[in-house]
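Have a look at the structure below before the remarks.
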Amino acid sequence: MIEMQDVWKEYPNGTSALNGISVHIQKGEFVYVVGPSGAGKSTFIKLMYREVRPTKGHIFVNGFNIERLKDRKIPLLRRSIGVVFQDFKLLPKLTAAENVAFALEVIGLSQRQIRRRVEDVLTQVGLEDKMDMLPSQLSGGEQQRVAVARSLANNPAVIIADEPTGNLDPDTSWGIMRLFQRINDRGTTIVMATHNRDIVNSLRRRVIAIEQGIIVRDEQKGLYGYDE
């Protein structure tokens, strides 16, 4: 499903973000990626959907060889991956339904297919009555639910979430996490970078801990383990 083999990443300014990372994530797993700020978590996440390229090493995601993937093939990779960001990244002038539909229009579905899929995923995240609202009319938690719905639109095999509760209050964060749990229970692999100690320690899953660009812990049902 996801495999990294001796992966290094150095940025043009000389910053060494990852130093020989090797990891295997199986289909259907729920994995937290934790570590102090600047440890390399965001780079680890971005490599999986080819936002950045590795300097050295091999990465395979859903059968795609990331370091050899040509730019024109990146959309094919991303159709098999859903990505959820801390700051939602919704288009402000589009409604909830239109934000989700936008992710489907690029793959050539008919308007009828798009409408049916949009209704389905927004219902899954509990927003069936807010499809026609703009992001500015939604709460932070509702905006993140739209972002999750958008990530589900293409029936991805993997969802990558980068600090998805970082801008949310505790109660809303738990609601988003219950949503991710339900998605994982249906067989979707989830890889989530997070600083949320309470969530990691309460909803025990596999924990990959990164410090100074290397994996220092990889534990099933692990704990957060930092004092932040």
Side-chain angles (χ1 to χ4, degrees), residues 1-7 9 18 20-35 40-54 57-70 73-85 100 103-104 107 109 117 120-121 124-125 144-145 147-165 176-194 196 199-210 215-224:
M1 175 59 69
I2 299 171
E3 186 165 3
M4 296 188 181
Q5 302 171 352
D6 193 27
V7 172
K9 177 59 183 179
L18 295 178
I21 292 280
S22 293
V23 69
H24 181 78
I25 297 171
Q26 298 184 44
K27 177 176 171 54
E29 280 198 273
F30 192 129
V31 180
Y32 297 116
V33 182
V34 305
K41 300 187 304 299
S42 290
T43 297
F44 182 90
I45 291 291
K46 289 177 180 178
L47 284 166
M48 285 187 277
Y49 61 94
R50 245 304 298 277
E51 180 71 15
V52 296
R53 286 179 180 268
H58 305 289
I59 305 174
F60 302 92
V61 178
N62 296 341
F64 291 90
N65 186 330
I66 296 298
E67 77 272 15
R68 295 185 178 180
L69 191 66
K70 297 184 182 300
K73 293 290 184 69
I74 292 175
L76 291 177
L77 165 71
R78 293 181 180 170
R79 286 175 199 171
S80 71
I81 296 172
V83 185
V84 180
F85 302 95
V100 177
L104 293 166
I107 63 175
L109 295 183
R117 185 62 183 155
D120 179 43
V121 294
Q124 285 184 47
V125 302
Q144 192 61 295
R145 286 176 179 270
V148 173
R150 180 184 57 196
S151 78
L152 290 170
N154 287 324
N155 283 314
V158 177
I159 289 182
I160 297 169
D162 193 357
E163 302 285 359
T165 63
I176 292 296
M177 289 307 301
R178 285 190 290 270
L179 176 57
F180 278 119
Q181 280 188 297
R182 292 198 298 272
I183 293 167
N184 179 243
D185 288 343
R186 294 196 293 266
T188 303
T189 305
I190 295 179
V191 182
M192 178 182 298
T194 183
N196 196 314
I199 284 172
V200 173
N201 291 346
S202 297
L203 303 178
R204 301 281 289 276
R205 294 289 194 271
R206 181 179 174 186
V207 171
I208 295 174
I210 300 177
I215 293 176
V216 295
R217 282 190 293 124
D218 187 348
E219 304 170 334
Q220 295 295 332
K221 297 187 177 180
L223 295 171
Y224 184 79

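Throughout, numbering of the chain's residues begins at 1 and tracks the sequence.
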What closest approach, in Å, do [X] and [Y] show between heavy atoms, and which atom pair accounts for it?
X: Ser151; Y: Ile159; answer: OG-CD1, 3.6 Å
X: Gly82; Y: Pro156; answer: N-CB, 3.5 Å
X: Ser42; Y: Asp162; answer: OG-OD2, 3.9 Å
X: Arg78; Y: Tyr49; answer: NE-O, 2.9 Å
X: Ile190; Y: Phe180; answer: CD1-O, 3.3 Å
X: Val121; Y: Ala149; answer: CG2-O, 3.7 Å

May I ask you to test the [X]-[Y] pair for a side-chain heavy-atom distance under 4.5 Å?
X: Leu69; Y: Leu77; value: yes
X: Asp6; Y: His58; value: no
X: Gln26; Y: Met1; value: no
X: Asn62; Y: Ile81; value: yes
X: Met192; Y: Val31; value: no
X: Val200; Y: Thr194; value: yes
X: Val100; Y: Leu152; value: no

State, without any angle test, whether Arg117 and Asn155 hold a side-chain donor-acceptor pair at a distance under 3.5 Å.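 Yes - a donor-acceptor pair under 3.5 Å links their side chains.
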
What I want to check is whether the side chains of Gln181 and Asp185 have a donor and an acceptor closer together than 3.5 Å.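 Asp185 and Gln181 do not have a side-chain donor-acceptor pair below 3.5 Å.
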
Just by distance, do the side chain of [X] and the backbone of [Y] share a donor-acceptor pair under 3.5 Å?
X: Thr188; Y: Val158; result: no
X: Asn184; Y: Gly28; result: yes
X: Arg204; Y: Lys221; result: yes
X: Arg217; Y: Ile208; result: no

Heavy atoms of other groups near Arg186 CZ, more than 12 under 6.0 Å: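 Yes, because the 6.0 Å sphere around CZ of Arg186 holds more than 12 heavy atoms from other groups.
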
Salt bridge check: are Arg206 and Glu29 linked by an N-O gap of less than 4.0 Å?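 Counted as a salt bridge, because a side-chain N and a carboxylate O are separated by less than 4.0 Å.
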
To the nearest 0.5 Å, what is the distance between [atom1] on [X] and [atom2] on [Y]?
X: Ile45; Y: Glu163; atom1: CD1; atom2: CD; answer: 9.0 Å
X: Leu104; Y: Leu109; atom1: CG; atom2: CG; answer: 5.5 Å
X: Ile59; Y: Met4; atom1: CD1; atom2: CE; answer: 4.5 Å
X: Met48; Y: Ile25; atom1: CE; atom2: CD1; answer: 5.5 Å
X: Ile176; Y: Asn196; atom1: CD1; atom2: CG; answer: 12.0 Å
X: Thr43; Y: Leu18; atom1: OG1; atom2: CG; answer: 5.5 Å

Could you please spell out the steps behind the side chain to side chain contact (heavy atoms under 4.5 Å, CB included) verdict for Ile210 and Val33? CA-CA 7 Å; Ile210 300 177; Val33 182; 3.8 Å; yes

When you look at Tyr224 and Val207, which way does the side chain to side chain contact (heavy atoms under 4.5 Å, CB included) test go after all the steps? CA-CA 7 Å; Tyr224 184 79; Val207 171; over 6 Å; no

Under the side chain to side chain contact (heavy atoms under 4.5 Å, CB included) criterion, do Val23 and Glu3 qualify, and how do the steps go? CA-CA 6 Å; Val23 69; Glu3 186 165 3; over 6 Å; no

Checking Arg205 against Tyr32: charged group under 6.0 Å from the ring centre and within 45 degrees of the axis?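 No, Arg205 does not lie over the aromatic ring of Tyr32.
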
Would you please test Ile2 and His24 for side chain to side chain contact (heavy atoms under 4.5 Å, CB included) and show each step? CA-CA 6 Å; Ile2 299 171; His24 181 78; over 6 Å; no

